[in-house]
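Worksheet: one structure, shown below.
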Amino acid sequence: MPSFTAQVFQNEYLPERDGTVDAVVTVTAGEDVTPAATEAVEILILDRSGSMNEEGGAKIRAAREAACAAIDQLRDDVWFAVLGGNTTTELVYPDLSEGLARSSRVTREQAQRRIKRVQAEEGTAIGGWLLTAGGLFAQRPAAIHHAILLTDGKNQHESAQDLDAALARCAGVFQCDCRGLGADWNVAELRRIASTLLGSVDIIPHPSQMEQEFRSLIEAAMQKGVAAVSLRLWAPQGSKVEFVKQVSPNIEDLTGKAVPVNALTGDVPLGSWSAGESRDYHVQVTIPPGNVGDERLAARVMLMLGDQQVSAGLVKAIWTDDERLSTRINREVAHYTGQAELAEAIADGLAAHEAGDERTATVRLGRAVQLAHESGNDDTVQLLRQVVDVDDAESGTVRLKPNVDKLTAMTLDTRSTRTVRVNKGS
């Protein structure tokens with residue numbers, strides 16, 4: 001069985017009458033997590049709505065080229081399909097009677113010839129695209145399931161209820177990395193799709209950048225070696241797991257995805273993993289407050305591969321009247337609490353800017369600059385500098401730039417939840 005480790009980082013000490021316990025759980029996959037013997041299914045979902053004909057057809061041409069490049073990256077024997085989506089969903093490759101094709105030099109070339117004939121027309125109904133993909137994935141239930149979804153627009157040709165229903169049916173069936181092309185799609189909408197399907201969301205500002213992005217996504221997908229990984233959390237009677245959030249490599253609230261095992265235990269799905277991959281999760285538990293000197297197990301953390309436990313850790317609570325102990329914030333917890341505040345400050349600042357509230361936008365984006373600077377999140381600092389002029393990063397003193405184009409704001413919004421890793425070696 002592939003090896004995994006789960007390490008717990010926390011300050012165990014609480015002041016009297018306090019019942020909130022925070023911990024960061026670092027999950028790391030071993031080097032023996034390899035894709036060689038793992039069945040996989042990859043599906044490309046390409047927007048072929050009429051708006052993809054804009055820019056003189058550059059969008060749809062780039063999408064075709066990117067899809068062909070992605071097909072080149074597939075390992076032999078990986079099952080795959082290509083979908084074209086507008087108001088309906090077309091199975092571009094293979095034929096409908098086959099459903100999925102097995103990757104080989106011959107099938108990859110066949111798929112590329114079909115992709116080059118894809119035309120753009122009509123509207124956008126993403127829920128239907130997802131349902132079609134879910135049906136194809138169901139043909140290989142034991143495989144690692146991954147999709148890439150590309151769109152350049154909003155989900156305007158089906159109801160919000162239709163998309164909600166599709167997401168509910170697809171959750172847990174496959175992971176989906178979502179990419180928005182240009183500036184006419186909705187960040188919140190695509191982020192919700194990616195979040196529900198345990199994938200990532202990002203912007204592709206220009207068609208010329210699409211091919212490299214697709215290559216990178218497929219390269220990462222082809223390294224995945226384990227699919228059914230979950231974090232099993234047990235909390236004693238009278239205690240409650242308040243939240244579970246992935247905090248590295250990006251912030252993602254997983255609390256609502258927990259599946260009950262019994263009255264005291266829940267499984268939080270963590271998606272698929274590749275060799276050496278490591279992620280951090282912030283777990284908060286509330287427990288009945290104790291007296292000075294009391295010790296209590298706040299939670300048990302178990303890492304599961306299917307039904308098999310492969311690693312475990314404990315979240316503890318010790319009550320003390322020593323303020324030096326009880327007020328010390330564990331640096332892993334402190335770091336990721338700051339990263340979460342950073343993402344919130346960016347979201348608040350961009351929303352205020354869009355609403356014309358320049359004062360609030362300046363304050364919140366200034367706080368974002370301060371937090372990004374303190375944590376060493378240099379990529380986010382650079383993105384923020386495209387929206388504000390920074391007078392003093394340490395104090396968060398900034399001035400809004402007079403003209404911020406939509407692409408710049410959307411890029412900052414999309415990438416606001418990316419975090420930097422806490423340096424556990426320092």
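All residue numbers refer to positions in the sequence shown, counting from 1. Just so it is clear, the model here is predicted, and its values are computed rather than measured.
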| query | Could you walk me through whether H282 and I251 pass the side-chain contact (heavy atoms from CB on, under 4.5 Å) check? | reply | CA-CA 10 Å; H282 183 181; I251 297 170; over 6 Å; no
Carefully, step by step, assess K59 and E55 under the rule side-chain contact (heavy atoms from CB on, under 4.5 Å). CA-CA 7 Å; K59 289 183 181 181; E55 301 183 27; 3.6 Å; yes
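- Across L190 and L149, no two heavy atoms sit closer than the pair CD1-CD2, 4.1 Å.
- Under a 4.0 Å N-O distance rule, the pair D280/R421 qualifies as a salt bridge.
- Donor-acceptor pairing under 3.5 Å is lacking for the side chains of S103 and D76.
- When all heavy atoms are compared, the tightest approach of G153 to W185 is O-CB, 3.6 Å.
- A donor atom on one side chain and an acceptor atom on the other are not found under 3.5 Å apart for T124 and Q156.
- Other residues, nucleotides and ligands contribute only 12 or fewer heavy atoms inside 6.0 Å of the NZ atom of K240.
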Given the rule in the side-chain contact (heavy atoms from CB on, under 4.5 Å) test, do M52 and L150 qualify, once you have shown the distances and angles that lead to the verdict? CA-CA 11 Å; M52 290 290 287; L150 171 76; 4.2 Å; yes
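- More than 12 heavy atoms of other residues, nucleotides or ligands shown are found within 6.0 angstrom of CD on E341.
- A search for ring-ring contact (aromatic ring centres under 6.0 Å, His included) contacts involving F214 returns nothing, not counting sequence neighbours.
- Here the side chain of Y336 pairs a donor or acceptor atom with the backbone of V422 at under 3.5 angstrom.
- For Q382 and D378, the side-chain atoms include no donor-acceptor pair closer than 3.5 Å.
- The two residues G99 and L136 have their closest heavy-atom pair at O-CD2, 3.2 Å.
- Within a 6.0 Å radius of CD in E242, more than 12 heavy atoms belonging to other residues, nucleotides or ligands are found.
- One side chain, D253 or T255, offers a donor N or O that lies under 3.5 Å from an acceptor on the other.
- More than 12 heavy atoms of other residues, nucleotides or ligands shown are found within 6.0 angstrom of CG on N262.
- Ring-centre distance between W273 and F4: below the 6.0 Å cut-off.
- Going from atom CG of L100 over to atom OH of Y93 covers 11.0 Å, rounded to the nearest 0.5 Å.
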* **Step-by-step side-chain contact (heavy atoms from CB on, under 4.5 Å) determination, L231 to L303** => CA-CA 5 Å; L231 197 64; L303 195 66; 4.0 Å; yes
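- Residues R385 and V369 are not in side-chain contact: their nearest non-hydrogen atoms beyond the backbone lie 4.5 Å or more apart.
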message = Between R179 and D47, is the salt bridge (Lys or Arg N to Asp or Glu O under 4.0 Å) condition met? List the steps.
response = CA-CA 10 Å; R179 294 297 181 264; D47 188 336; over 6 Å; no
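- You'll find the side chain of L412 stays beyond 4.5 Å of the side chain of Q386, heavy atoms only.
- Within the 4.5 Å cutoff, the side chain of L350 has no heavy atoms near those of the S416 side chain.
- Distance check: C178 SG to I148 CD1 gives 10.5 Å after rounding to the nearest 0.5 Å.
- Side-chain contact, Q212 with R215: no donor N or O sits under 3.5 Å from an acceptor N or O.
- Using a 4.0 Å cut-off between charged side-chain N and carboxylate O, E277 and K224 make a salt bridge.
- A distance of 6.0 Å separates CG of L14 from CD1 of I287, quoted to the nearest 0.5 Å.
- Contact check for V301 versus L233: side-chain heavy atoms found under the 4.5 Å cut-off.
- The closest side-chain donor-acceptor pair between E42 and W79, if any, does not fall under 3.5 angstrom.
- Side-chain contact check for L181 versus H206: every heavy-atom pair is 4.5 Å or farther apart.
- Proximity of M222 to V78: side-chain heavy atoms (C-beta onward) are separated by under 4.5 Å at one or more points.
- Between the side chains of S200 and D202, no donor-acceptor pair is found at a separation under 3.5 Å.
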* List the steps, then state whether salt bridge (Lys or Arg N to Asp or Glu O under 4.0 Å) holds for D391 with R399. => CA-CA 8 Å; D391 294 330; R399 290 168 288 114; 3.0 Å; yes
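- Annotation for R169: atom CZ does not count as buried by contact number, only 12 or fewer foreign heavy atoms lying within 6.0 Å.
- The distance from the CG atom of N155 to the CG atom of L130 is 8.5 Å, given to the nearest 0.5 Å.
- Expressed to the nearest 0.5 Å, how far CG of L83 lies from CZ of R48 amounts to 10.5 Å.
- Among all heavy-atom pairs drawn from P15 and W319, the shortest one is O-CD1, 3.2 Å.
- Considering only residues two or more places apart in sequence or on other chains, D18 meets the salt bridge (Lys or Arg N to Asp or Glu O under 4.0 Å) condition with none of them.
- Scanning all heavy atoms of the two residues, the minimum distance from Q223 to P35 falls at O-CD, 3.9 Å.
- Judged purely by distance below 3.5 Å, without hydrogens or angles, the side chains of D32 and S3 pair a donor atom with an acceptor atom.
- A side-chain donor-acceptor contact under 3.5 Å links E122 and T87.
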Quiz item: Where do E39 and R140 land on the salt bridge (Lys or Arg N to Asp or Glu O under 4.0 Å) test, with the steps shown first?
Solution: CA-CA 8 Å; E39 187 179 48; R140 312 299 304 182; 2.7 Å; yes
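- Residue I329 places its CD1 atom among 12 or fewer non-hydrogen atoms of other residues, nucleotides or ligands, all under 6.0 Å distant.
- The distance between the ring centers of F137 and H145 falls below 6.0 angstrom.
- Side chain of R300 to backbone of T265: no donor-acceptor contact under 3.5 angstrom is found.
- Under 3.5 Å, the side chains of Q284 and T20 contain no donor-acceptor pair of N or O atoms.
- For the pair T417 (side chain) and N250 (backbone), a donor-acceptor distance under 3.5 Å is absent.
- Contact check for L74 versus I218: side-chain heavy atoms found under the 4.5 Å cut-off.
- The residues K245 and E252 are annotated as not salt-bridged, no charged nitrogen and carboxylate oxygen being separated by less than 4.0 angstrom.
- Using a cutoff of 4.0 Å between basic side-chain nitrogens and carboxylate oxygens, D389 and K401 are scored as salt-bridged.
- With respect to the salt-bridge test (charged N to carboxylate O, under 4.0 angstrom), the residues D413 and R191 qualify.
- K316 has no carboxylate O lying under 4.0 Å from a charged side-chain N of E295, or vice versa, which leaves the two without a salt bridge.
- Nearest heavy atoms, E16 versus V292: OE1-CG2, 3.9 Å.
- Although no hydrogens or angles enter the test, the distance criterion places no donor-acceptor pair under 3.5 Å between the side chain of N291 and the main chain of D294.
- No donor-acceptor pair under 3.5 Å is formed between the side chain of T397 and the backbone N or O of A393.
- Side chains of Q175 and S272: a donor on one and an acceptor on the other come within 3.5 Å.
- With values rounded to the nearest 0.5 angstrom, Y13 atom OH is found 7.0 Å from T320 atom OG1.
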